[in-house]
Amino acid sequence: MGELINWIQYTKEDKGYQRNTSQNEDYIKDKQTPSNKADKDGLLILISADYDPEEKKTFLKFYDIKKKNIAVLYDKLGHKPYAFSKENIEKLKNNEHILRISKRLVGLEEVVKHDPITDSDIHVTKIIVEDPLVIGGTAASLRNHIKLWEADIKYYANYLFDSNLNVGKHYLYTNGWVKEVEVEHEEPVRKYIKKYSSEPLLVEWIKLLSEEVPEYRMLAVDIEVYVPDQTRMPQPENPRDPIFVFSLRGTDGLKKVLIYNLREEKIDKEGINEFSIEEFKDERELISRAMEIMRKYPIIVTFNGDNFDMRYIRRRAEYINFRETVKDIRLGRNDARIDWGVHIDLYRFFKNVSIKNYAFSGKYDEITLNGIGKSLVSLEKIELDKSFDEMTLREICIYSFRDAEITFRLANFNNQLVMKLITIIGRIANMTLDDVCRLSVSNWIRNRMIDLHRKKNYIIPLQEEIKNKGGERHFEPVTKGKKYKGAIVVSPKSGVHFNVYVLDIASLYPSIMKEYNISYETVNCPHPECRGNLVKGTKTYICKKQKGIVSEFVGLIRDIRVNIFKKLAKDKSLSKDKREFFNVVQNTLKVFINAIYGVFGSEEFFLFYLPAAEAVTTLGRHAIEESISEAENLGLEVIYGDTDSFFIKDPRQEAIEALIKKVSKKLKLQLEIDKIYRYVVFSQRKKNYFGVLSDGTLDVKGLVGKKSSTPEYIKRVFYRILEELRHITTQEEFEKAKKKITNIIMEAEEKLRKRDVDIEDLALAVTLTKPLKSYTKTTPQHVKAARLIELSTGRKILPGSVIKYVKTVDQNGVKPMELIRNRKEIDANKYIELLWSTLTQIVDVLEIERVATAKSRRLDQYFL
DNA sequence: GCGGACTGCTTACCT
DNA sequence: ACAGGTAAGCAGTCCGCG
């Protein structure tokens, strides 16, 4: 391995490990405080772990804060892979499958575990083996032949849980061991640690989450492959085309393009000062040099490197008999990891819906380098109007470097916000950074739940065991195909309403899970004495004796967020940077809190239990119904409600305060004023309205004019109308605005009729959500358009791509944007209909009417 | 053979 | 591979109609 991994020799020599059966022995020998804060010698942060199949050991990857390198440490505890069986030892000893693997069997041990479902201690057999593959991963593995518990947890994850290690935590290295280290905290943090000193669990979390996240040394990498005829994309699994460009951009200021000059072209470097160019005469030299540079960086960042860049490098090197040079790139089925550090694939990270919607509040919608770059760091790809064949190598270098630059900026903007996020998620989930950036929120939560089970010595139940608890479904879901009934939506009172307060129940579902002790083991628990503790309107009962593991976890992280990190984020005695950091922490906690209910309500989730999920929504419906009726008792007028929030028209201040008190007392839930509208406009449709908030900002919900698929032209008319409405403060002003709005509509319609609109602005943009082949039941318009693109250009349209098409007068009725040649093809009437149907949603309520039919209409035939 | 009523599919949104 | 509820447009089907 590389020169940078200084400590590997300490550990690799240490082969004579002993078997250690005590599963809870600390890796950490003792606690230590660094004598001097400035001296960061040996101060490490755990960021990753993996299993070395040759050494048959787990190794840990630490980020060395001072050296800004990776330190690798191999296992010294003699930890071994294992799983549990409920058969007793004697019986197992003679089991044919155990006999079959006896050579790789380390031992069988009887251990006591707590079974959360029966709430009792049970004796199980721990099957300890030499190699994780004995447990799972091959056809012959034990878990495919005998019933095992905890047999589908990655071995290195197991290792972290059992060794009491936590990803993202600081450790101190001395004499071949790492020790847990007490890092210094700032005064406000210390204050909280003191305040909650009677709750050790809470203190642990405060400490863990407030530790500093280092500034990582990283390198962004992007490669280009030379494909002679542009018709095909380079395929890593068939790497017949040469890699000819590596663009590299590092946090230390490195800006380099390495190019294999396969055309023997004189590259014009004049005026390029953004980066330097290194030329190579041979592809192998290029790859060697690129790998040499890459190995100097502990963190490699790519955009889609798992399935393209890193994979192609490895496969191509193998293809040209150059495997040795790239053997420290390890390809998995769906990922590419690097032995010398951590490879972060930003494509995987940004694709994650929790990241997209919660961490970045949906600021980007297209998951491409261009789309995300544009939205988050205001840098776009260089547009290509010709193929590499037709470009000079100079042009290709500039093009390629831009990609590396965007990737670099995505990883580095806002003080490495993305890396902070990944690290904090790693801390909360106790998951390696490699896994955090590749896996979804359900895996993050699963990982932490497994850790919590281990720490409580709970055996993790099988999905079938949870299902076998039984318990019926009590309410038919409203939506066909759903598993259980969800939230309620109260029909809006249509019309214009001034001075409207929106109240919402603070984190409704998580609060319910916490307050009502909802967890897979506490809902329909085994204790006869809890059977009377029913969820209203159901036969579901909830445990009164034990605190549920899920409930406890939600409660804990919710408390930490609300009581500590939200406050730290606003603590003026802290520096701006610190406050921002704590704000990222509290937002990351929010991601978890928001996702927990959904994850536990998902059938695939390993702790899914339908009666528990149903109990949450049932209690949620009660909560909002009770809140609304309490509001009405206080003489408040409720004009709309959805799930956890309701709208009150022109309320008395005291009534609101009284309501908040009442709900807090009666339901143990916190009502909050979410927002106040100067006015809000409802049609009769649910989840569709707009309003102007007290600070004058426009708030549009659900209306067609807001949808990403609506043509730009119609959107613009829509927002122009709303802009007219935005300034209105009184009923009288409404009347005046109506005239203006009518004019806007008439003008827009006239332009459409004359087809006096840019074709691009008429495109509907609809996402293809699955492969073209799998639309068998119907052929939606965007599918028709996508097929036309494939037919005429030969380009393959993949799921996730946004299809832009226009409505035409030909027999298809649609045509992809890029194939339109003539304005005459456009079906103007369809667009006029579309315009009206979009605007109806705002205009209806304002009593602006559309009178004549499309054909006979003239401008003066509109009236108010 | 045609058109309206209806159902189902698909997407994008809200909480 | 986090949930359910709602709106809207369109595709496809059924049914009545001398």
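What you see is a predicted model; the values in this text were computed from it and never measured.
For the OP1/OP2 pair of C:dC10 and a distance below 4.0 Å, the side-chain nitrogens and oxygens of A:T779 include no atom meeting the criterion. When the side-chain nitrogen and oxygen atoms of A:K687 are compared with OP1 and OP2 of B:dC14, none of them lie within a distance under 4.0 Å. Between A:T769 and the phosphate of B:dT11, there is a side-chain N or O to OP1/OP2 separation shorter than 4.0 Å. The phosphate of B:dA12 (OP1 or OP2) has a side-chain N or O of A:T767 nearer than 4.0 angstrom. When the side-chain nitrogen and oxygen atoms of A:K701 are compared with OP1 and OP2 of B:dC13, none of them lie within a distance under 4.0 Å. Here A:S440 reaches the OP1 or OP2 of C:dA1: one of its side-chain N or O atoms lies under 4.0 Å away. Checking the phosphate oxygens (OP1, OP2) of B:dT15, no side-chain nitrogen or oxygen of A:T643 falls inside 4.0 Å.
Checking B:dT11, B:dC13, C:dA1 against the side-chain heavy atoms of A:V766 singles out B:dT11 as nearest. Nearest to the side chain of A:H782, among B:dT11, B:dT15, C:dC2, sits B:dT11. When each of B:dT10, B:dC13, C:dT6 is scored by its nearest atom to the side-chain atoms of A:T479, the top-ranked nucleotide is C:dT6. Here B:dT15 is the nucleotide among C:dG5, B:dT15, C:dA3 with the atom lying nearest to any side-chain atom of A:S645. Comparing C:dA3, B:dC14, B:dA12 by their nearest atom to the side chain of A:K483 picks out C:dA3.
Nearest-nucleotide positions on DNA chain B place A:K770 closer to the 5' end than the other of A:K706 and A:K770. Both A:K777 and A:Q841 lie near DNA chain C, and the one whose nearest nucleotide falls closer to the 5' end is A:Q841. Mapping A:K485 and A:V599 onto DNA chain C by nearest heavy atom places A:V599 at the nucleotide closer to the 5' end.
In this structure, A:R446 pairs ionically with A:D152, as a charged nitrogen and a carboxylate oxygen lie closer than 4.0 Å. A:E614 and A:K485 are not joined by a salt bridge, as no carboxylate oxygen comes within less than 4.0 angstrom of a charged side-chain nitrogen.
Among the heavy atoms of the strands, none lies under 4.0 Å from A:F600. Counting any heavy atom pair closer than 4.0 Å across all strands shown, A:T617 reaches no nucleic acid atom. Within 4.0 Å (heavy atoms only), A:S442 reaches sugar-phosphate atoms of the nucleic acid but no base atom.
Partner A:R438 forms a side chain to side chain donor-acceptor pair (under 3.5 Å) with one of A:D335, A:D306, A:N352, A:N443 and no other, that one being A:D306.
Proximity of the aromatic rings of A:Y501 and A:F647 is defined here by a centroid distance below 6.0 angstrom, and this criterion is not met.
The aromatic rings of A:W205 and A:F553 are tilted relative to each other, their planes meeting at an angle between 30° and 60°.
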